[in-house]
Each structure stands twice: as C-alpha cells, then as structure tokens.
Amino acid sequence: MRPIRLVTAALATAALSLPLVVTPATAAPPSGHQAAPHSNAKFDRLRSAAPDGFHVGTAVAGGGHHLEQDYPDPFTSDREYRKLLGKQFSSVSPENQMKWEFIHPEQGRYDFGAADAIVDFAKRNKQVVRGHTLLWHSQNPEWLEEGDFSKEELRAILREHITTVVGRYAGKIQQWDVANEIFDEQGNLRTEENIWIRELGPGIVADAFRWAHQADPKAKLFFNDFNVEDINAKSDAYYELTRELLAQGVPVHGFSVQSHLSLRYGFPGSLEENLRRFDKLGLETAITELDVRMDLPANGKPTKAQLRQQADYYQRALSACLAVEDCNSFTIWGFTDKYSWVPVFFEGEGSATVMTEDFVRKPAFHALKSTLWDAKKAEEKDRKKGRKH
Ligand code: 9MR
C-alpha cells in the first residue's frame, strides 16, 4: 500500500486557492483520440510525431516520494519503464535527482550518481535534459535549512552549489529551472519559506541566474512554477519580475508553467495568451510538469468520461504550447500511473498520467500523439509552400 501523505504546504495552498467550482470541460475532445494515426513503429512514438525542434519530455521517476514506496528505484530497475522512457521521449527531467537534498546531502559532499546516470541515458538516447532545480524553498537538506550560517556563508554556499552542479553538466543540459516557485498565490515573494530570499533578499534570484549562466553559457535559464498557467496575480508577478531582470541584463531566458492540473477545476483558459505574453518579452516558454489528476470512483478506476476529459486537458495544454513560437519544450510529470506522485499526495485522486500502471495507453496518450502529428504535418506543408514559419 502506498502511504498517503498530506499535500505539501505549497501545493495545499495552490489547491485551496483554485476555484472550488468545477467548470465543465469543453465540448467534444479533438478527433483522433482513440486511434493511432500511424501504425508505423516510428510514428508510434511521441518523440517522432513531434515537429522538428519540439521536445516532448517526461520526469524520470526516482527519489522523493518513490523512496517511501514498496518498489525499487524505477529508473534503474524497471526495464519496461526504461524502454518506454528512451523510446517515447526526446527530453527528460530528473524528478528529484538534481534537487539539493538529493545531489548535495551533506555540506561539502555531493552525490552525483543518479543525476549522472540520467544524463548518460539521455545522451545514449539522443535526448535533451531539463535540470531541476537550483533555488527553491523545498527539498533542501537539513544541514542547509537548520545550519547556522552567516549571510556571507549562505551566499557562498549557493554560489558554490550552482557553479558545481551547473558546471558539471555544462553543455549537457538544455534548460535549467534556476528559480522554482519563488512566488505565492498572491504574487508575493516567498520571503519566509525560501531560505535564500529570506536571508539574502530578493537580489539573490538575479545572482542565481548570473552564476548559472557563468557555469554554462549555453543552457537556457528558466523561472518555473505551478498555478501560473493562467494570467493571474502569480503569473503577473513573474511577468513584472522578468521584465525588470531583462532590463537589467540578467540572463533569464525562459518562463515555464508546471501545469499540475485537475479535473476538479476548469482548464486554464488563458494558457496560450499567458505563454504568448512571455514570448513577446523575448523569453522561451515551456510546459514542464503536466499531469491531470481526478477524483477516482470507489472502484479506483476512472470512467470513460473522465478519461476523455483528461485527454482534452492534455491536448489543450499541448496545443497552447505548439501555438506559441518559442514554446518548444513540453514535459509531462511521469508517463505512467505506476510512479505518479499524485495518489501519494492527494487522497482519493489519481490516474493523472497518460498510461495506466501496466503501461496501457490512455486516450490522453493518443491525444498527444495525434496533436503532435497534426502539428508536424502542418509545418511540413508550410515549409513546402516555402512560407516563413
Ligand atoms: O514528483 C516529486 C515527488 O517525487 C516529490 O516527493 C515531491 C516533493 O515535493 O516533489 C515532486 O515534484 C514537484 C516538483 O519538483 C516541483 N513542482 C511540483 C512537483 C510535484 O509536487
């Protein structure tokens, strides 16, 4: 049995601050959800269905909540899982393996094993990697959170960490989530929760980007958060901050929306418009942690209608990203319910990913594939006509 854990403070707030009214899902799901458009093995893969330069990614299960489950490490032990990971995706994000508590468990000691293994796997499978994450209020090791450090020492600790971790993978990470979840739902900086901002002031955020850029000038550096899919107080706060930082010449390259969605709430209808406003600032955008959870019926199995509605959410999130010019990275937070964080954190909810625990594809998987395939065909047609894209 999986132990049910209480939702983390941050996500509890997020869940509570969402509208409590269930907005009906949009009418009909897009066509082609059930049937794979191509039986050809190559086009049976999300990564091959994607337009050129568009990366389809997944979180790589390991660390975090997995450590409390009764299965061995998924990435190293589950052959079927690994096979699909290499076959279906062109981008991978370590779910926990690059977080502070995992990679820097003791002061002065790094543990790069799991992160190295993912980066090597990605190279062998011609995948890019999204690094996650460098400055966050959560999953920090005890030695850091409970340590008695002066401001100068803390600053040096962060600088050294960023330089070491980003430097180690320089040239191998496409995008880094440099700053994760720095604002609360009202759009205020998490000045209490976030040790860096609390102790060193908001200016440390710009420094984190500068240090990451020095360590790997090619990596694209992102702000990443949840509940910023729509245009709202929180995404407005990012908009203002990134505008200021860009004006100051701080190397910020992207804004990404995690997209932990739920059928309890309506689809974030202004997603595309929101991504577009960041795009217009000259930033890249990305969807980095998409999943769509639902309240499960008593038998634990989602209904057909729920699966259809879920497919619709997945498809709409992907379409929003595809429609925005510099949104070229679309990542789901795990591809199988077998390893999803959702049932562990939300009692009674689950089925949030695109495959069942037995790797059976859900309508959401087919929706992603056919949407990618349609976008690829449309692009090829445009190219043939010689139109500028
Ligand atoms: O999926 C991650 C899970 O294994 C961890 O236990 C959890 C701890 O907070 O973090 C999960 O990933 C989070 C991600 O790093 C940041 N955005 C929210 C994700 C879901 O909580």
Side-chain angles (χ1 to χ4, degrees), residues 2-18 57-75 78 81 85 91-105 114-115 118 129-142 144-145 165 175-185 190 193-195 222-229 234-235 238 255-262 286-293 317 329 331-347 349-350 352-354:
R2 293 174 152 181
I4 300 293
R5 188 150 27 134
L6 285 181
V7 180
T8 55
L11 277 148
T13 326
L16 290 175
S17 66
L18 284 161
T58 180
V60 178
H65 77 277
H66 303 285
L67 299 175
E68 297 162 22
Q69 310 303 304
D70 55 7
Y71 49 68
D73 177 57
F75 177 68
D78 187 333
Y81 176 83
L85 185 65
S91 175
V92 288
S93 307
E95 186 174 357
N96 295 289
Q97 302 90 332
M98 284 187 183
K99 290 174 182 173
W100 269 79
E101 69 174 6
F102 210 95
I103 210 166
H104 200 167
I118 294 172
V129 182
R130 291 199 84 262
H132 177 76
T133 178
L134 301 168
L135 183 151
W136 194 20
H137 64 269
S138 183
Q139 289 186 273
N140 287 327
E142 215 177 288
L144 174 68
E145 290 283 348
V165 177
Q175 302 183 344
W176 261 111
D177 290 331
V178 173
N180 195 41
E181 303 172 1
I182 60 166
F183 286 108
D184 68 14
E185 301 315 294
R190 292 183 192 270
E193 274 169 294
N194 187 306
I195 180 175
F222 276 69
F223 279 106
N224 186 55
D225 212 326
F226 61 90
N227 278 0
V228 288
E229 293 71 42
K234 199 173 177 180
S235 61
Y238 278 102
F255 172 70
S256 51
V257 302
Q258 296 179 2
S259 310
H260 292 291
L261 306 182
S262 163
I287 289 180
T288 50
E289 304 182 15
L290 178 62
D291 52 19
V292 184
R293 61 187 187 271
S329 175
T331 292
I332 57 181
W333 208 235
F335 59 88
T336 165
D337 292 340
K338 193 172 178 183
Y339 300 128
S340 168
W341 71 292
V342 166
V344 183
F345 282 77
F346 299 90
E347 192 165 2
E349 294 181 69
T353 77
V354 300

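Just so you know, ligand 1 is whichever comes first in the structure, and atom 1 is the first atom listed for that ligand. Below, each value reflects all heavy atoms present in this structure, side chains not excepted, and no hydrogens, waters or symmetry copies. Here the structure is a predicted model, which means the values were calculated and not measured. Throughout, residue positions are numbered sequentially from 1 according to the sequence presented.
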**Asked** With atoms numbered from 1 as shown, which atoms in ligand 1 lie under 4.0 angstrom from a non-hydrogen atom of Phe345?
**Response** 6 (O), 7 (C)

**Asked** Going by the atom numbers of ligand 1, which of them fall below 4.0 Å from some non-hydrogen atom of Glu181?
**Response** 16 (C), 17 (N), 18 (C)

**Request:** Using a 4.0 Å heavy-atom threshold (strictly under), name the region of Trp333 that reaches ligand 1: side chain, backbone, both or neither.
**Result:** side chain

**Asked** ligand 1 and Trp136, any nitrogen or oxygen pair closer than 3.5 angstrom?
**Response** no

**Prompt:** Is it the side chain, the backbone, both or neither of Tyr339 that has a heavy atom closer than 4.0 Å to ligand 1?
**Reply:** neither

**Request:** Using distance alone, with no hydrogens and no angle criterion, decide if Trp136 and Glu181 have a side-chain donor and acceptor under 3.5 Å apart.
**Result:** yes

**Message:** Using a 4.0 Å heavy-atom cut-off, which part of Val344 comes near ligand 1: side chain, backbone, both, or neither?
**Reply:** neither

**Prompt:** Are a donor atom and an acceptor atom from the side chains of Tyr71 and Asp78 found within less than 3.5 Å of each other?
**Reply:** no

**Request:** Output yes when Asp225 and Lys234 qualify as a salt bridge under the 4.0 Å nitrogen-oxygen rule, no when they do not.
**Result:** yes

**Prompt:** Ring centroid separation for Tyr81 and Phe75, is it under 6.0 angstrom?
**Reply:** no

**Asked** Can you check whether Glu95 has an N/O within less than 3.5 Å of an N/O in ligand 1?
**Response** yes

**Asked** Counting each atom of ligand 1 from 1 as listed, which ones have a heavy atom of Gln139 under 4.0 Å away?
**Response** 7 (C), 8 (C), 9 (O), 10 (O)

**Message:** Side chains of Asn180 and Gln258 only: does a donor on one sit below 3.5 Å from an acceptor on the other?
**Reply:** yes

**Message:** Out of all atoms in ligand 1, which are within 4.0 Å of some heavy atom of His132? Include the element for each.
**Reply:** 14 (C), 15 (O), 16 (C)

**Prompt:** Will you find, in the side chains of Thr353 and Asp291, an N or O donor that is under 3.5 Å from an N or O acceptor?
**Reply:** no

**Asked** Between the candidates His65, Lys99, His66, which shows the shortest non-hydrogen contact distance to atom 15 (O) of ligand 1?
**Response** Lys99

**Message:** What I want to check is whether the side chains of Asn96 and Gln139 have a donor and an acceptor closer together than 3.5 Å.
**Reply:** yes

**Fill in**
Result for ring-ring contact (aromatic ring centres under 6.0 Å, His included) between Trp341 and one of His260, His65, His66 points to His260

**Request:** Give the numbers and elements of all ligand 1 atoms closer than 4.0 Å to a heavy atom of Gln258.
**Result:** 16 (C), 17 (N), 18 (C)

